[in-house]
Amino acid sequence: MTRRRLPRSFYARAAHEVAPDLLGQVLVRIFPDGARASVRIIEVEAYGPDDPASHAFRGETPRNTVMFGPPGHLYVYFTYGMHHCMNVVTGGTAEGSAVLLRAAEPLEGEEEMVLRRGREGPLDLCSGPGRLAQALAVDRRDDGLDLVAGDGLWLEATPRPETIAVGTRVGVHETTRRWRYWLDGSPFVSRGRPGPPTAKRRIPRARSMTP
DNA sequence: CATATGATCCGCT
DNA sequence: GCGGATCATATGA
């Protein structure tokens, strides 16, 4: 199967527009040792400008510098003393918006991911932001990585996915911005369970975003 | 400096 | 469902 890599223009839109379009897209990882893995994006969350839940809300700091750079780069942060989380920078340069990758479905290289995770079973490999980063061996060395022009990690375009569910973000008590999106009914969603979806939509993917 | 906290995960109950 | 692990980061003294 031949797929096109997502172009910079895909990322250069508002986070809450990019987020649902990321669902179903394939994230490809080439590990430092050359092994390959790929996963299908199942769940994401958008973080925009003027968003109190965003790491960028209080301005640029050494940690979130990448968020204020050009779109299409990876923002990786370390949290809870033991987990890494990966984000895709969106919007315009210096806007400070991004989409958190929360869960995915293993496609290729499951053996590699089992090794990195120390756990078996496809449901336990990438179902959660910390798990996903660990399965793909992503850490702060990957902070700032270019998803469009770099090698090692990139996203490939796929046909439009099934129904998208929408809900509130994990750990964010706010009902106005329902910026958590996942593929409805997928068993690969993370266990940060905010309850049932508050809406289901069929979001047509822009023609330029599909092969 | 000191301290509070977190876009989490896991094991146990 | 709950609490512990474990530390970078941000903030205030």
Side-chain angles (χ1 to χ4, degrees), chain A residues 11 14-20 22-23 27 39 41-69 71 73-91 95-106 113-145 147 153 165-183 186-198:
Chain A
Y11 304 98
H16 67 276
E17 293 175 10
V18 175
L22 281 167
L23 298 177
L27 178 63
V39 302
I41 306 292
I42 297 293
E43 177 188 345
V44 298
E45 278 177 5
Y47 289 87
D50 301 316
D51 178 359
S54 170
H55 285 178
F57 185 63
R58 293 169 195 288
E60 187 174 339
T61 68
R63 173 169 73 156
N64 65 22
T65 299
V66 172
M67 281 187 82
F68 290 90
H73 289 250
L74 195 71
Y75 164 51
V76 181
Y77 68 90
F78 183 65
T79 191
Y80 285 101
M82 56 182 77
H83 301 296
H84 292 277
C85 295
M86 49 196 305
N87 301 255
V88 163
V89 176
T90 61
E95 180 179 302
S97 67
V99 176
L100 171 69
L101 305 184
R102 288 195 57 90
E105 170 184 351
M113 293 188 268
V114 167
L115 287 177
R116 311 277 177 177
R117 286 275 298 132
R119 232 152 278 260
E120 303 200 9
L123 292 171
D124 279 345
L125 295 179
C126 307
S127 295
R131 294 172 172 186
L132 176 63
Q134 185 182 28
L136 298 180
V138 167
D139 59 32
R140 282 184 304 173
R141 292 183 302 239
D142 300 298
D143 189 35
L145 182 151
L147 295 165
L153 195 68
V166 180
T168 57
R169 295 172 289 180
V170 173
V172 178
H173 301 291
E174 184 202 54
T175 54
T176 54
R177 280 175 279 221
R178 296 176 307 175
W179 282 355
R180 184 192 194 195
Y181 305 89
W182 65 98
L183 291 183
S186 172
F188 295 95
V189 294
S190 74
R191 57 177 209 172
R193 313 203 150 148
T198 56

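Because only heavy atoms are used, hydrogens play no part in the values below, and waters and symmetry mates are left out as well, while side chains stay in. Chain identifiers are assigned alphabetically (A, B, ...) following the order of the sequence lines, protein sequences preceding nucleic acid strands; residue numbering begins at 1 within each chain.
- The distance from atom NE2 of A:His84 to atom P of B:dT8 is 15 Å, rounded to the nearest whole Å.
- We find that NE2 of A:His83 is positioned 11 Å from P of C:dT6, with the value rounded to whole Å.
- The interatomic distance linking A:Leu123 (CG) with B:dC9 (P) rounds to 14 Å, in whole Å.
- Here the side chain of A:Arg119 is nearest to one of B:dG11, C:dA10, C:dA5, namely B:dG11.
- A cation-pi arrangement is present between A:Arg169 and A:Tyr47 under the rule of less than 6.0 angstrom and at most 45 degrees off the ring axis.
- Side-chain N/O atoms of A:Arg63 include none lying less than 4.0 angstrom from OP1 or OP2 on C:dC7.
- C:dA13 makes up no base pair with any nucleotide shown, lacking Watson-Crick or G-U wobble contacts both under 3.5 Å.
- Counting any heavy atom pair closer than 4.0 Å across all strands shown, A:Gly171 reaches no nucleic acid atom.
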**Prompt:** Could you walk me through whether A:Arg116 and A:Gln134 pass the side-chain hydrogen bond (donor to acceptor under 3.5 Å, both in side chains) check?
**Reply:** CA-CA 6 Å; A:Arg116 311 277 177 177; A:Gln134 185 182 28; over 6 Å; no

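- Nearest nucleotide to the side chain of A:Met82, out of C:dT6, B:dG6, B:dA7: C:dT6.
- Toward the 5' end of DNA chain B, the nearer of the two residues A:Arg117 and A:Val172, judged by each one's closest nucleotide, is A:Val172.
- Separating the CE atom of A:Met67 from the P atom of B:dA7 is a distance of 12 Å, rounded to the nearest angstrom.
- Of the candidates B:dA7, C:dA10, B:dG6, the closest approach to any side-chain atom of A:Tyr80 belongs to B:dG6.
- For A:Tyr47 and B:dG6, the OH to P distance is 13 Å, given to the nearest whole Å.
- Looking at the side chain of A:Arg58, the nearest of the listed nucleotides B:dC9, C:dA5, C:dT11 is C:dT11.
- A donor and an acceptor atom sit less than 3.5 Å apart, one in the side chain of A:Tyr77 and one in the base of B:dA7.
- Within the structure, a side-chain polar atom (N or O) of A:Thr61 is placed less than 4.0 Å from OP1 or OP2 of C:dA10.
- Taking atom CZ of residue A:Arg169 and atom C1' of nucleotide B:dG6, one finds them 15 Å apart after rounding to whole Å.
- For B:dC12, the paired base is C:dG1 (Watson-Crick or G-U wobble, both distances below 3.5 Å).
- As rounded to whole Å, 19 Å separates atom C1' of B:dA7 from atom CZ of A:Arg178.
- The minimum heavy-atom distance between A:Val89 and A:Gly69, with the atom names listed, is CG1-O, 4.0 Å.
- Put simply, CZ on A:Phe78 is 6 Å from C1' on C:dC7, counting in whole angstrom units.
- Minimum atom distance to the side chain of A:Asn87 is reached by B:dA7, of the listed B:dA7, C:dA10, C:dT9.
- The OH atom of A:Tyr77 sits 12.0 Å away from atom CG of A:Asp143, with the distance rounded to the nearest 0.5 Å.
- Proximity of A:Leu23 to A:Val44: side-chain heavy atoms (C-beta onward) are separated by under 4.5 Å at one or more points.
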